[in-house]
Every structure is written in C-alpha cells, then in structure tokens.
Amino acid sequence: MTGDAAAADGGGRTEVKTTTCYMCACRCGIRVHLRDGEVRYIEGNPEHPLNKGVICAKGASGIMKQYSPARLTRPLKRKEGAERGAGEFEAIGWDEAFAILEERLARIRQTDPRRFALFTGRDQMQALTGLFAKQFGTPNYAAHGGFCSVNMAAGLIYTIGGSFWEFGGPDLERARLFVMIGTAEDHHSNPMKMALGAFKRQGGRFIAINPVRTGYAAIADEWVPIRPGTDGALLLALIHEIVELGLFDRDFLIDYTNAPDLVNVAEGGDSEGLFVRTDAPVEEGCFEPQNKLWWDRRADRAVPARAQDAEPRLMGAYALADGTAVKPAFQLLKERVKDYTPEWAEGITGIPAATIRRLAHEMGVTARDQHIELPIAWTDCWGRDHESVRGNPVAFHAMRGLAAHSNGFHAIRALGILMTLLGTIDRPGGFRHRAPFPRPIPPCAKPPKGPEGVRPGEPLAGMLLGWPADPDDLFVDDAGAPVRLDKGFSWEYPLSVHGLMHNAITNAWRGDPYPIDTLMLFMANMAWNSTMNTVEVRKMLTDRDEDGEYKIPFLVVADAFHSETVAFADLVLPDTTYLERHDVMSMLDRPISEFDGPVDAVRVPVVPPTGECKPFQEVLIELASRLKLPGFVAADGGRKYRDYPDFIVNYETEPGSGIGFLAGWRGAGGEKFMKGEPNPRQWEMYARNNNHFHYELPRSYQYMRNWNQGYLQWARHHRLVRYAEPIQIHLYSEVLQKFRLAAQGRRKGKQPPEALRRRVETFFDPLPFYYPPLEWQAMDSGRYPLHAITQRPMAMYHSWDSQNAWLRQIHAHNYLFVHPSVGAAGGFGDGDWVWVESPWGRVRCMARFSEAVEPGTVWTWNAIGKASGAWGLAPEANESSNGFLLNHLIAEELPRLLDGGRVSNSDPVTGQAAWYDVRVRVVKAADDEPRETAPRFAPVPPPPGVRRFGARVRAYFAGGRGR
Amino acid sequence: MADKQLALVIDLNVCVGCHACVTSCKEWNTSGEAGPLADFNPYGADPKGVFFNRVQTYEVGTYPDTETVHFPKSCLHCEEPPCVPVCPTGASYKRAEDGIVLVDYDKCIGCKYCSWACPYGAREFDPHQGVMKKCTLCVDRIYDQSLPEERRKPACVLACPPGARLFGDIKDPDSEVSVAIREHGGYQLMPEWGTRPANHYLPRRRTRMHIHPDELVRADNPLKKEGELPRPDLSDPSLDDVTTW
Amino acid sequence: MKPAFSVLFLTTLIGAGQGLFLALVTGQFYWVIGAEAVRESGAFYAGGAALALAFLALGLLASFFHLARPMRGWRAIARWRTSWLSREVILLPAVMGLVLVYGLLHLVDPRTVLVTFSNGKSLDLPLAAGFVGAGATVLLFVCTGMIYACIKFIREWAGVWTVVNFTLMGLASGFTLAAAYAAVTGSALRGFFVASALVLTLVALAGRAYTFRRHARLGAPSTLRSAIGVHHGAIRQVTQGFIGGSFNTEEFSSPGSPGLRRRLVPAVLAAGFAAPAALLALGWQGPDAALYAAFAVQYLGLLGERWLFFAQGNHVQNLYYQRAA
Ligand SMILES: Nc1nc2c(c(=O)[nH]1)N[C@H]1C(S)=C(S)[C@@H](COP(=O)(O)OP(=O)(O)OC[C@H]3O[C@@H](n4cnc5c(=O)[nH]c(N)nc54)[C@H](O)[C@@H]3O)O[C@H]1N2
Ligand SMILES: Nc1nc2c(c(=O)[nH]1)N[C@H]1C(S)=C(S)[C@@H](COP(=O)(O)OP(=O)(O)OC[C@H]3O[C@@H](n4cnc5c(=O)[nH]c(N)nc54)[C@H](O)[C@@H]3O)O[C@H]1N2
Ligand code: SF4
Ligand code: SF4
Ligand code: SF4
Ligand code: SF4
Ligand code: SF4
Ligand SMILES: [Mo]
C-alpha cells in the first residue's frame with residue numbers, strides 16, 4: 001500500500017499510516033500517506049466502519065492544517081506589562097508553564113476549588129477533562145454542550161432514553177420516508193452523506209424542513225420552508241392530525257410507552273399530574289418502578305399496568321375506586337394537541353395547513369402500510385417472545401435548527417413523541433440508538449445536591465454534569481441559589497445537563513454567583529465564535545476592578561492555533577494536531593458506535609509534534625500528577641501514570657472495576673472487551689485493527705433495546721448499565737411535572753426562589769407546548785421583522801479552518817443571504833453592503849440574494865468572519881475585512897420577563913443557548929461608508945513561534961519539489 | 001475514435017455540494033505527477049489557487065419552488081476536444097488508448113491558447129510553473145497496479161461521501177457509467193458546441209407519494225378500539241320505525 | 001477577455017511592419033505598371049525594408065513576453081497542421097527573412113532584370129523577391145487573424161471579419177507608415193503612399209465600425225440552461241465555488257465597465273482611423289509633420305482598438321464564473 005505515492009512522482013520514501021481524523025467531530029478512519037516523513041495524501045480508510053473509505057472536504061485538507069503557519073509552537077506567557085488582549089507574549093519553557101500552573105492551582109484547590117473553572121469547547125475528550133475537574137474538586141466544568149445542542153440531548157433523552165447528535169440516528173438503510181429538520185451538516189458528516197446517497201438511489205422519499213435550502217436540503221424531494229423558532233407548532237400540529245385520524249401505532253404505545261398509564265388529574269392535590277401507582281413494594285434504583293395503573297377496556301376498571309391479558313384504554317376520563325379522577329397519559333396528550341390544528345400552525349410556521357396535513361398523512365400511512373418485519377426473534381423485558389422485529393420505516397433527523405431556540409426543549413419533546421406515535425423507536429427504518437444508549441430516563445448520573453459537595457482538597461462529591469430526576473437533584477444551596485459559576489442545575493435552568501458554557505465569562509466577570517481566579521479554556525474560541533455578544537465579552541476579558549486587577553485574574557488557553565482567544569491569555573499551552581498525538585474516542589465519552597453495536601476508536605501519532613507542542617492530554621496527566629489528584633498518585637505517593645498512553649491502558653473507573661477509557665482488547669491478553677483488567681498491548685491491538693474496536697451485537701440484540709431483555713442483560717453484564725429494567729418512553733413527563741409541583745409549592749423538598757416560581761411552573765409542563773422564543777417576547781419584534789440564523793458550511797469546521805490554505809479559498813469571507821424581497825424593502829441590491837441590526841448590536845456586511853431562503857429569514861455561514869491578525873492570516877485578509885460574525889448581534893443575557901431580573905438567553909428548561917432566536921432588520925449601508933465589515937478589531941501581532949507566512953506562493957509538494 | 005473513453009459521471013441527484021471532491025483532488029494531485037498545484041496569497045487577501053475541480057451552486061426557479069443545484073465541474077475529457085488542435089506545441093493531447101485529455105508540462109510554453117478554446121472553463125494555468133494544468137482523471141492512480149482494484153479510481157471519486165461521482169468507460173455498454181447514463185438520462189454540457197464531452201451528468205430525480213383517501217380511514221383504526229368512531233345507538237330513529245310495506 | 005499587452009503590441013507592430021512591406025512592394029510594382037511614375041533608388045527600398053523588419057522584430061520580441069516559458073518558444077512550430085498559432089509562429093520569422101532578402105537584394109544589385117515588358121519596364125530580381133514576401137505577408141495576416149477568428153467560444157472574434165479587419169488595419173497603418181517614410185526620405189512615392197493609406201484607412205474604418213456595431217447586437221453564445229443542463233427559465237448562479245478568484249475569473253474577465261467600453265468605441269474609431277485619415281489628407285500636399293503625426297496617432301489608436309478587441313470578447317466559459325458567495 002505504499003506503491004501509489006511512489007508511482008505518483010517516481011521518488012521519495014513513502015509510507016502509509018492509519019489513524020483517526022479530527023478535522024471535525026465525526027472521527028472517520030484515515031490513511032495518511034507520507035513521503036520523506038511529510039504528509040502527502042490523506043484518504044478515507046476503507047476498512048473503517050464509519051466512513052468506509054470516503055473523506056470530506058475538511059479531512060482531505062488535513063495537510064494544510066498540519067503545516068499551517070497559524071500553529072502555536074511554543075508555550076507563551078503574556079509579556080510583563082503588556083495589556084491583556086494586545087497579544088504580546090514571550091515564549092517560555094514547559095517547566096515554567098507547569099510551575100506557574102502547579103503553584104496557582106494547588107493554592108486554589110486547598111482554599112476554594114470553585115475558583116478554578118475549566119471549560120472546553122468542541123473537543124472530543126470530555127471524559128478526561130471532566131475527570132481532571134472532578135478530581136480537582138471544582139464544580140465549574142462544562143464542554144460545548146450548553147451552547148451546542150443540549151436541547152437535542154435533553155429533549156429526546158428525557159423522552160426516549162436516547163437522542164440524535166452523537167447518540168443515535170435515522171436508519172436510512174431501511175427507511176422509506178426520511179424527514180430532516182433543521183440540520184445543515186451535523187456530526188455524522190460522512191456517514192449521513194453516505195446513507196443519504198444510498199437512500200435516494202433506493203428511491204426513498206426525502207423531505208427537508210428548513211428555512212434554507214442548501215446542502216442536504218438541496219437534494220430533498222420536497223423542501224418545506226419554515227419560519228425559524230416555530231417547529232414546535234408544526235410538530236404539535238402533525239401530532240394533532242395523526243391522533244385525530246388514528247394514524248398512530250397503538251400496540252407500540254401500549255407496550256412500550258407510558259401512554260396508557262393513568263395520571264392523577266384530581267385538581268389541586270399534591271400528586272396532581274403524577275402517575276397513580278400501586279403500593280406494591282418496588283426495588284429502588286435509577287429506573288422506573290413498574291407499579292402504575294391501566295384502565296382495562298374489557299373489565300372497565302383500573303388494573304395494574306400489564307396485568308395478565310389486560311388491554312388498556314388510551315383515551316377517556318375515569319375515576320378510581322377511591323374516586324380519584326384519572327386519565328391515561330395519551331388522553332392528556334390528545335387534549336393538549338386538540339387546538340393545535342394545522343390551520344393554527346399555518347399562521348405561526350408559514351407552512352400551508354394542507355401541506356401540514358399531507359405531511360402527517362405521508363408519515364402515518366408510510367409507517368402503517370409499508371412496515372417491515374425482520375425475521376429476528378427476540379425476547380422483551382417481560383419475558384414475551386417475539387417472532388420478528390417490526391419496523392415502521394419513517395425516519396427523522398433533527399439538530400440545531402430545533403435545538404438552538406429557547407423553545408427547543410419542548411419542540412424536541414414533541415418530535416420524540418411524534419416518532420413514538422409512529423412506532424419508530426429503535427426499530428428498523430426508524431430511529432436507532434448507538435451504544436451506550438439507550439439510557440434510563442433520566443440517566444443515573446447526578447450532580448452534587450448542594451454546596452457541601454465542594455470541599456477544599458477533595459474531589460467533587462458527585463458528577464460534574466448529570467440528569468436531575470426531580471427538584472432534589474438540583475445543585476443549589478439552601479436559598480435555592482446556584483453553586484456552579486454557569487448556574488447550571490439551578491432553578492433558572494434546572495435540566496442544564498451540559499452546563500451553560502456561554503455564560504461562564506459574563507458570570508465570572510460580574511462575580512455572580514461569585515468571582516473566580518483561574519479560567520482555563522481548552523479548544524474553545526470563547527473570545528470569538530462560541531460566545532454570544534462577542535464585542536462585550538471581549539471587553540469583559542480585559543476589564544479590571546477598582547484596584548486595577550483583571551476581573552478574571554488568570555486566563556489559560558490551550559489551543560493549537562493562533563485563535564482570537566489566544567490574544568487574551570495570560571498563559572498559552574500549544575497543543576499538537578490530531579496527526580501528532582494519542583487520543584481516544586471513549587465509551588466513557590461519546591464513542592463512534594454504530595447502530596449494530598458499540599465502537600470506540602483511537603488516534604495514534606503519524607508525525608512527530610511540531611516545535612514544542614505538547615498534547616493537552618499529556619498536560620492534564622502531568623498537572624494531575626503534580627497536584628497529586630486522587631487516582632493519579634501511586635501507592636508510594638509518586639506519579640501513577642508515565643504518560644497519556646500509559647494512563648489510557650491502566651486507568652480504571654474504580655480500582656479493579658475493569659472499566660477504562662477503551663472497551664476493546666481488555667484483559668491481560670486482550671481476550672475481553674467492555675470490561676476486563678488492563679492490557680499492556682491494548683494500543684497495538686487497536687492500531688492493528690485500523691484504530692477502532694467494533695463489537696457487533698447478536699442480531700436479536702440490535703433492535704428494541706429499550707425493552708430488549710437479551711440486550712439489556714448483555715449491557716448490564718458488560719456494565720453499560722446497572723439495571724436491566726425496561727426503558728419506557730415518556731410520552732408524558734412526570735419528571736417535568738415534579739418541578740412544576742415544586743414551583744406551585746405542592747411538593748416537599750427543594751423550593752425555587754420566589755422570583756423563579758412562575759418561570760419554572762410555566763416551562764415545566766409534562767406535555768410539550770408551543771410558545772414563541774423568549775427573545776421575541778423581550779423585544780419589539782415589529783422593529784426587527786427578520787430572523788437571522790447561521791449554517792455550518794460543509795467545508796469549514798467552526799473557526800478552525802481559516803488557517804487552512806485550501807479551505808479558506810472556498811469560504812474566504814461570508815455574505816448575508818437574503819430573499820430579494822428583503823433587498824427591495826431595504827433598498828439594496830445583490831452584493832451591496834448592508835447593516836444588519838438587532839436590538840443588541842449591528843454588523844456591516846455584504847448581502848447576497850437567494851431564492852432558497854424563507855423570505856422572513858436571513859442567514860450566513862457560521863464562523864467565517866475573523867478578527868484581524870488571528871489565524872496566521874494577513875491583517876487585510878478577506879476574513880477580517882469582508883467576513884463577519886453574526887455573534888455580535890446575539891445577546892448572552894435577556895431581561896427576565898416574569899420578574900425583570902436577568903437570565904441567560906437560553907432555553908428555560910435546559911439552558912441551551914438560543915442562538916437562532918435573534919431577530920434583525922437589514923438596511924443599506926451609506927455610499928460614503930467604507931466597503932469593509934464592522935465591527936473590526938485592531939490587528940494582533942503573531943506571537944513568538946507563530947510565523948506569518950511571508951511568501952506570495954505556496955506550492956505544496958510533499959518531499960520538497962515545488963517549494 | 002478510441003474504443004475506450006474513460007470519464008466521470010456526476011449524479012446531481014445526490015450531490016450535496018460538500019467540496020470533498022475539490023480538496024481531495026487538490027491533495028492527491030499537488031504532491032503527485034500533476035503537482036504542485038500552487039496557491040497565491042494563501043494567507044492574505046483574495047487567495048487564489050490552482051484546482052482541477054470546483055463545485056458551484058445554482059438556484060433554479062423562485063421561492064418557494066426553488067431547487068438548489070450543486071454542480072461539480074472538472075475537465076470533461078471531450079471526445080472532440082477543441083483545446084487540443086489549437087495547441088501549437090502538442091503539449092495538449094488526447095490519449096488514444098483511453099481518451100484522457102492531458103497536458104505535457106515539459107512541452108507546454110504557457111501561451112494559454114488552449115484555455116481560450118475550452119468552452120467549459122476547465123483549464124487552470126499555473127503561473128508558478130508557467131504551464132497549463134487541468135484534471136488528469138488521476139491518470140497516476142487509476143492504472144497503479146500497486147493499489148487494490150477497488151481503489152484504482154480518481155481521488156475525487158473515492159472521496160465523494162454520497163457516491164455522486166462514478167468513474168468508468170463510457171464506450172463499454174456494460175460499465176457502471178454507461179448503465180447510469182442510459183437509465184437515468186445522463187446528459188452532456190453544452191452539446192451545441194459539438195465537443196462531445198465524455199463526462200456526463202445525471203439529472204435530479206423526484207420521489208413522490210400518492211395517498212388515496214381510503215388509506216386514511218381503515219378497518220383496524222385504533223380509534224375504534226377507543227370508541228372514538230361511534231356507532232349510532234340502537235335506540236336512535238331509523239327507517240325501520242316509520243316504513244311499512 | 002483580459003487584454004494581454006504583449007499580444008496588443010505583437011499584433012499591432014507586425015501589422016504595421018507587414019503593411020509597410022506590402023506598401024514598398026506595391027510602390028515598386030506601381031512603377032512597373034504605373035504611367036509616369038518615377039523609379040526609386042535601391043537604398044530607399046532597403047531602408048524601408050529595414051524599417052519593416054524593425055517593426056516585425058519588435059512584434060516578435062513582444063510575443064515572447066506572452067509566453068510563460070519563452071525558452072521553449074521554438075516548440076510552437078510543432079503543430080502547424082492544426083494550430084493557427086503554430087502557423088503564425090512559423091510564418092513570422094519566414095516573413096522577416098523574406099523582408100531581409102528583399103532589402104539586401106536592393107542593396108547588392110537592384111538591377112538584374114528577369115523579364116522586360118512591352119512598356120519597356122522590367123521585372124527585376126528584388127521585385128520578384130518582393131512578390132514572394134508579399135505572399136507570405138498576406139498569409140501571415142490570415143494566420144494572425146485566424147488565431148482569434150477560430151475561437152468560436154468568443155462570438156465577437158469568431159468569423160471572417162476578424163481576419164479582414166486585422167489585414168485592413170495592418171495595411172492601413174503600414175501604408176501610413178510608408179507615407180511618413182516617404183516624407184522623411186523625400187521620396188517621389190509620397191503621394192502614392194498617402195493616397196493609398198488614406199483609402200485603406202477609410203476602408204478599415206468601415207470594416208471595424210461594422211464589427212463594433214455587430215458586437216453590440218450579438219446574442220449570448222450559450223445559456224445557463226445548456227451550461228448546466230437544467231431546463232428551466234430562471235437559473236441563477238449563487239456561487240462559482242470559491243471566493244478569492246482563479247485563472248478562469250482573471251484570464252477571461254473584461255476590464256472596465258461595459259459603459260466605459262462602449263464609450264471607448266468612438267474614441268478608438270477617431271484615433272485609429274478618422275484622425276489619421278484627416279492628417280493624411282492634410283499631409284497630402286501639406287507639411288510632412290502631418291504624416292508623421294498620422295502614423296503616431298493611428299498606431300496608438302490601433303493599440304486602443306486591440307485593447308477593446310480583447311475587452312469586448314465575451315467567452316462562453318464566463319457562464320460558469322459569475323458570482324462568488
Ligand atoms: N452564531 C453562531 N455561533 C455558534 C454556533 C452557531 O451555529 N452560530 N455554533 C455553536 C456551536 S454548536 C459550537 S459547538 C461552538 C463551537 O465553538 P468552539 O467550541 O469555540 O469551537 P471551534 O471554534 O471549532 O474551535 C475552538 C478552538 O479549538 C482550536 N483547536 C482546533 N484543533 C485543536 C486541537 O487539536 N487542539 C486544541 N487544543 N485546540 C484545537 C481552534 O484553534 C479554536 O481556537 O460554536 C457555537 N457558536
Ligand atoms: N462541516 C462542519 N460540520 C460540523 C460543524 C462545523 O462547524 N462544520 N460543527 C459540528 C457541531 S459542533 C455541531 S453542533 C453540528 C451542528 O449540526 P447542524 O445542526 O446541522 O448545524 P447548523 O449549522 O446549526 O444547522 C442548523 C440548521 O437548521 C436550520 N435552522 C435554523 N433555525 C431553524 C428552525 O427554527 N427550524 C428549522 N427547521 N431549521 C432551522 C438552519 O438553516 C441550518 O440548516 O455540526 C457539527 N458538524
Ligand atoms: S467528516 Fe470529519 S472526521 Fe470525517 S473526514 Fe471529514 S473532517 Fe474528518
Ligand atoms: S464530493 Fe460528491 S457530493 Fe461532495 S460536492 Fe463533490 S460530487 Fe458533490
Ligand atoms: S473540457 Fe475543456 S479542457 Fe477538457 S477536454 Fe473539453 S475542451 Fe478540453
Ligand atoms: S498553454 Fe501549453 S498546452 Fe495550452 S496551448 Fe499553450 S502550449 Fe499548449
Ligand atoms: S479525476 Fe482526479 S484530477 Fe480529475 S477532478 Fe477528480 S481527482 Fe481531480
Ligand atoms: Mo456544536
């Protein structure tokens with residue numbers, strides 16, 4: 001396999017190494033061809049289950065990332081006396097860097113661990129960064145989830161025990177109808193494209209619901225343009241139609257959901273809205289006891305759920321023997337959607353009622369009449385044998401178009417319910433889980449229950465991020481005030497299961513809930529594209545208190561490139577690229593599992609580190625060892641792990657647990673998997689298997705996993721789960737109702753602060769409902785008639801790729817795409833300079849007319865605009881002169897509607913950043929204005945170790961010729 | 001006329017415009033026989049570069065009936081390539097054995113005349129080397145015996161995630177490409193110029209669903225079980241009560 | 001199309017050179033057939049040939065600047081069977097050689113008679129050589145014109161008119177140059193050259209004016225429909241696929257706004273044709289300076305004409321490169 005490179009130019013010592021791509025979060029297998037040690041060609045690895053040999057635009061441009069002039073190559077310290085943000089640094093050695101960190105962090109840990117905050121962006125190693133933070137003892141840790149798509153995770157996991165995003169997806173191999181909602185690219189970049197191509201060739205029908213028609217939507221058989229932020233209304237109307245016509249899968253609802261379970265509807269009682277439960281004794285654990293009631297249609301009375309040959313009613317209103325008024329959960333859903341008619345939705349979404357009806361009919365009829373029976377016998381949790389696995393071939397996929405709104409949680413709950421009504425959960429042709437999903441609803445991990453969870457010199461007593469099952473799981477003090485810097489798991493955003501990274505800087509700057517000392521950012525460009533209200537946030541980073549100290553005293557940035565955020569650092573830790581380091585895609589984190597079973601993977605270095613770059617993984621191991629964090633010190637008190645590879649092999653979640661970062665080739669000789677003692681030769685074994693471990697489940701374990709006895713017992717045996725109990729779908733969410741009862745003062749235990757009672761009561765509705773995004777209610781939407789959204793370009797990864805000589809030629813700067821009618825109204829033409837104004841800021845950019853956008857919506861490619869001087873680009877580069885960032889227009893905080901306080905611009909349930917709620921107006925820029933973007937920022941100089949590329953030509957030829 | 005004509009067939013029905021073919025082409029070729037593919041101002045204003053393949057986007061129709069068409073384009077390896085006869089040096093030539101149109105960098109004097117004679121804008125001059133360049137159909141891969149059979153394909157074809165790029169001999173009626181052209185209405189670009197491009201494009205194909213009203217009300221409607229589709233009560237009036245014969 | 005200055009100079013310089021040479025030969029031939037014409041000295045023709053040669057050489061020199069790889073220029077003779085460019089590359093040196101021979105013969109012996117005619121005049125060796133050279137020169141005009149005329153993807157260029165105009169403009173500028181030369185040398189052929197230059201300039205004006213009008217009326221050579229093969233009335237390019245630019249957006253893009261280009265037409269017609277014509281008329285019996293000016297003005301005018309010739313050329317490929325986003 002080395003011949004081709006040689007043949008290609010008849011020279012050079014060539015070799016081919018395999019590893020895992022990280023030009024994006026998809027993590028495809030790649031083959032890296034080297035000539036004389038230089039990267040010559042990167043191709044998809046045909047023997048990798050994820051991408052089966054294909055590669056994307058980013059992955060194929062890895063060479064230009066590896067040899068980018070924007071690479072940080074030396075640890076940097078802010079120059080004495082230099083202003084933060086000016087980007088003036090002196091190069092230092094790693095010893096000094098570690099000494100600085102060790103001294104500072106040790107002090108913080110012994111005094112007040114909360115004063116160290118670690119936030120990581122679009123990284124892939126939350127298991128390790130999280131472990132470090134937990135052992136350090138700070139509660140202030142989160143990754144990108146909060147500003148990314150936590151609504152998608154929470155909304156679906158609290159409903160079906162799994163989700164899209166990296167946790168599950170549509171089974172396009174067997175689907176006949178595929179509905180994609182609010183997705184531009186997503187994490188499964190290559191697999192989605194491969195599946196979509198095959199699906200279309202098989203003649204499957206593809207419907208795209210999106211305000212914009214690009215990328216995937218371009219090849220849809222039908223494009224359904226929708227007004228941003230209104231999908232909840234559409235989904236509820238679809239549910240309405242499907243319920244009205246009886247197009248739902250009744251058997252599925254009865255067997256696998258809480259639809260038939262009786263809910264107490266007695267007005268005013270403490271248990272109003274809770275399921276009625278028999279007092280049969282139940283085992284306690286993080287699973288749902290099966291002690292609910294059904295209303296049996298033949299006996300016409302309440303019977304224990306699943307009682308022998310009982311057949312429940314889904315509809316109707318009944319009274320228990322003791323007179324308690326009860327209704328099946330499904331009845332409550334039916335009542336909820338009664339007024340959510342297609343006509344009602346038409347007014348909100350802009351989609352004709354007839355279209356909404358047709359969509360509902362297509363879904364219902366396809367699910368019902370084109371159903372699949374796979375000849376796979378399986379046994380459910382109740383011991384019933386099934387001859388086959390049934391599938392209703394209607395698949396959905398949705399991402400941030402639903403998630404990134406302040407009403408996203410309920411919209412996504414509605415989607416989960418729609419998928420459930422159609423009977424498509426973990427069934428062929430529908431939605432399929434990826435291990436380690438499904439999880440119990442909610443999953444077991446819980447944050448500490450109060451301030452006492454944080455103790456100097458001790459690890460955090462609880463998980464950093466978890467899944468509250470009721471108000472008592474919140475991470476608040478006695479006054480109900482947040483313990484976390486980002487106010488995660490507080491009454492403001494009770495189910496913020498991924499934290500609220502997007503508020504970390506603002507809160508730290510304001511000292512609300514408390515000031516911190518050291519903020520460490522790993523792989524997060526928080527001074528630019530992953531922050532809201534960018535202009536102000538950049539000021540906060542340099543703001544000082546009365547006695548001249550920075551309000552955020554110490555800022556550490558671990559990055560591989562000269563990003564906008566680097567300029568604000570007091571200490572910069574240069575990371576390696578993905579081609580230079582060991583790395584794992586762990587079952588403890590978000591592995592790359594397939595529908596048919598768990599898959600995890602590794603990265604192995606194919607080229608040596610550049611300059612003094614050090615893998616951040618090594619940095620954490622080193623720091624943990626120096627700080628003597630529990631788990632990182634050997635019996636003799638010395639350091640326990642030589643380095644990261646050694647750590648990966650030998651670390652166990654608990655001594656002897658046999659569970660570690662990698663699931664494959666465990667056990668002394670690599671004979672075990674999932675669980676087993678450390679195997680010294682684990683890395684080799686992964687390397688030999690194209691850097692991944694793939695366990696294909698027996699076919700009878702591959703479907704219906706929420707209720708599949710075989711699977712659940714297998715999962716329990718291999719410690720994926722603690723309990724092999726069925727995971728019933730939460731059509732009706734008792735969890736949410738518990739928060740509502742607390743807010744209504746009808747529940748013992750933790751109580752919300754008065755100011756927040758109405759907020760919690762309003763938004764913790766056990767059934768999905770539609771409300772306009774909060775931001776629209778906080779502003780005069782008449783003055784800002786347009787919705788502004790962004791999309792991921794398929795050839796760029798967030799802010800990373802402007803330093804990539806090839807990719808930036810595709811997107812050197814961005815335009816604001818508008819429907820021609822917007823130009824007509826604003827008096828500007830195609831290509832003109834315009835001002836985009838929101839209540840929170842204004843940006844000058846160029847407009848491009850498009851007929852492929854809903855006329856009330858304007859959009860642009862995400863994170864193309866850059867700050868002058870960053871990313872190894874010349875100060876006059878297009879990115880900073882013509883490119884722009886929509887983030888300047890998006891507020892990170894909103895006036896709190898119900899009581900006038902301040903809240904994050906986020907979903908009130910999950911704290912999901914509401915990026916796509918922003919509304920704008922567009923006006924022509926005056927002719928005498930400069931033809932350049934605004935705001936612009938003073939160029940920052942390249943720091944030591946980052947050399948700006950002087951030459952005019954780059955003629956890359958691995959092995960020398962041409963340069 | 002050659003009895004073999006290699007070509008790409010691009011399926012616009014599944015092309016999502018991801019540009020994988022653009023950069024994978026660049027990376028394969030820049031360090032290969034056809035390389036380097038130079039970039040100018042790579043990190044400055046208005047970066048420019050030599051690419052053998054570009055993906056463009058067109059909009060067809062007006063809102064809401066808009067089609068967005070992603071349109072990849074590289075040299076079409078015409079069977080009557082106007083770019084070849086005009087070349088004064090013979091640097092531009094069409095291979096008899098497989099119909100690939102190539103440029104011999106060692107003969108090219110960089111007069112650019114051939115590019116004037118290409119109606120498709122498929123040639124890219126490289127000021128760095130001073131020669132004309134273009135898609136080589138990855139001639140330095142597709143015959144490489146050291147590669148496994150299934151990888152002996154152009155870099156862009158191997159890269160394309162949705163499989164929108166097919167490669168093969170359009171003169172062989174049984175080849176994948178010939179079948180695709182036949183069965184899916186493959187067409188050529190600007191046939192009016194008589195260049196007879198070897199590369200073909202497959203048009204958009206639509207899948208629709210037709211629902212008969214009967215399908216919406218059916219025998220086993222679950223609503224019946226819920227008593228939601230009422231049967232009139234026995235006591236309700238009927239003809240039986242009023243008619244005599 | 002982007003006007004390449006090397007090519008502007010190449011075509012205008014050799015045009016004038018070729019024209020001048022043809023003027024000399026016709027001047028000489030005019031004596032043979034003409035009624036009471038005077039016979040010019042060998043030195044006069046030799047000098048003229050030298051001047052023509054100088055123009056041709058400068059043109060050739062300019063052409064090298066158009067090649068990215070001039071050292072390989074010689075390779076361009078390879079494809080004379082199919083390539084007009086190749087043919088031009090062969091003919092240009094050939095013509096120069098013949099001009100040289102013509103000039104030299106005039107110096108060494110202007111008098112070897114080949115045939116003597118009834119009117120007592122005779123065809124001598126230099127004139128014979130002149131005829132051969134003239135033939136080659138005319139062919140060269142055809143080649144140069146055909147290089148552009150055969151590009152059917154540029155409607156403004158395609159067709160016989162390009163050849164006709166290149167020839168006429170070359171002749172016009174060449175005869176004007178001859179007139180100026182005659183004035184310098186005080187030659188008796190002055191009147192003959194002025195008169196024919198005037199006529200040729202006016203004919204060239206007609207030819208060029210016609211094509212300018214024709215261009216204005218040309219429809220699009222192809223449509224986006226056939227370009228991407230989608231049969232719909234409303235097709236717009238949203239992006240050409242890259243932002244920065246590429247060879248295809250530079251080589252084929254026309255400088256200046258369409259408006260500017262339109263406004264330049266009359267200027268070019270005035271400078272390249274009308275004004276020289278007037279100056280020629282003025283210089284007929286009048287001051288020599290008028291003739292010098294005539295050539296200077298005409299040459300600059302034709303440079304402008306050539307610039308417009310390129311700038312107005314709209315290549316079919318531009319359908320694919322309209323917009324970035
Ligand atoms: N307006 C708007 N804003 C958005 C979004 C949007 O859609 N619209 N999307 C949001 C979402 S979903 C997300 S996830 C965030 C993403 O935003 P971020 O989390 O900030 O992620 P990136 O910008 O991709 O990269 C952050 C940093 O990682 C660095 N980096 C790249 N590779 C490496 C490496 O190997 N090691 C190290 N140490 N650093 C590396 C890059 O140089 C960059 O500085 O943006 C959010 N912001
Ligand atoms: N190439 C590339 N791939 C990436 C990334 C990248 O930066 N580049 N980022 C990665 C990350 S971190 C993430 S989180 C994922 C995100 O994956 P996506 O969710 O696909 O990312 P977005 O670009 O936010 O896509 C949002 C889509 O929703 C649409 N939309 C916006 N508002 C609404 C609405 O109200 N309703 C509907 N129906 N649609 C709406 C937008 O038009 C857009 O098409 O992508 C990942 N993959
Ligand atoms: S999808 Fe992501 S991981 Fe896969 S090749 Fe592209 S950049 Fe690499
Ligand atoms: S790689 Fe395939 S899908 Fe992507 S742009 Fe190229 S042809 Fe289209
Ligand atoms: S596409 Fe252009 S370059 Fe390619 S063969 Fe046809 S004419 Fe020649
Ligand atoms: S540029 Fe090269 S290939 Fe093109 S015509 Fe001139 S010599 Fe031939
Ligand atoms: S065939 Fe090869 S050279 Fe041609 S476009 Fe594809 S990758 Fe590029
Ligand atoms: Mo994200």
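When reading the values below, keep in mind they use all heavy atoms of this one structure, side chains included, and skip hydrogens, waters and symmetry mates. A note on names: the letters A, B, ... follow the listed sequences, proteins ahead of strands, and every chain is numbered from 1.
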Could you have a look at C:Gly233, C:Pro70, C:Gly245, C:Ser6 and say which one has the most heavy-atom pairs with chain B under 4.5 angstrom?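 When all of C:Gly233, C:Pro70, C:Gly245, C:Ser6 are compared, C:Gly245 has the most.
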Just so I understand: if I count every heavy-atom pair under 4.5 Å between each of C:Gln317, C:Arg81, C:Arg69 and chain B, which residue has the most?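 That would be C:Arg69.
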Show the nearest heavy-atom pair for residues [X] and [Y], with the distance to one decimal.
X        : Y        : answer
B:Arg123 : C:Asn248 : O-ND2, 3.3 Å
C:Gly241 : B:His19  : O-NE2, 3.7 Å
B:Val86  : C:Ser83  : O-OG, 2.7 Å
C:Ala227 : B:Leu189 : O-CD2, 3.3 Å
B:Ile109 : C:Arg75  : CG2-CB, 4.5 Å
B:Pro82  : C:Phe153 : CG-CZ, 3.8 Å

Less than 4.5 Å to any heavy atom of chain C: does that hold for the side chain of [X], its backbone, both, or neither?
X        : result
B:Thr68  : neither
B:Ala91  : neither
B:Val60  : both
B:Pro203 : neither
B:Tyr120 : both
B:Arg204 : neither

Which bit of [X] is near chain B, if near means a heavy-atom gap under 4.5 Å: side chain, backbone, both or neither?
X        : value
C:Glu88  : neither
C:His66  : both
C:Met1   : side chain
C:Trp157 : side chain
C:Glu251 : side chain
C:Leu67  : both
C:Tyr320 : both

Drop me the distance from [X]'s [atom1] to [Y]'s [atom2], to the nearest 0.5 angstrom.
X        : Y        : atom1 : atom2 : result
B:Gln56  : C:Thr239 : CD    : OG1   : 7.5 Å
C:Phe247 : B:Lys112 : CZ    : NZ    : 6.0 Å
B:Thr89  : C:Ile77  : OG1   : CD1   : 11.0 Å
C:Lys152 : B:Thr195 : NZ    : OG1   : 8.0 Å

Spell out, as yes or no, whether a donor-acceptor pair under 3.5 Å connects the side chain of [X] to the backbone of [Y].
X        : Y        : result
B:Tyr113 : C:Ile147 : yes
B:Tyr58  : C:Leu224 : no
B:Tyr187 : C:Ile228 : yes
C:Arg79  : B:Pro85  : no

C:His232 versus B:Glu67: any side-chain heavy-atom pair under 4.5 Å?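 In short, these two side chains do not touch, never coming nearer than 4.5 Å.
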Assess, by modelled atom type and distance only, whether the side chains of B:Glu192 and C:Ser222 contain a donor and an acceptor separated by less than 3.5 Å.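 B:Glu192 vs C:Ser222: donor-acceptor pair found between side chains.
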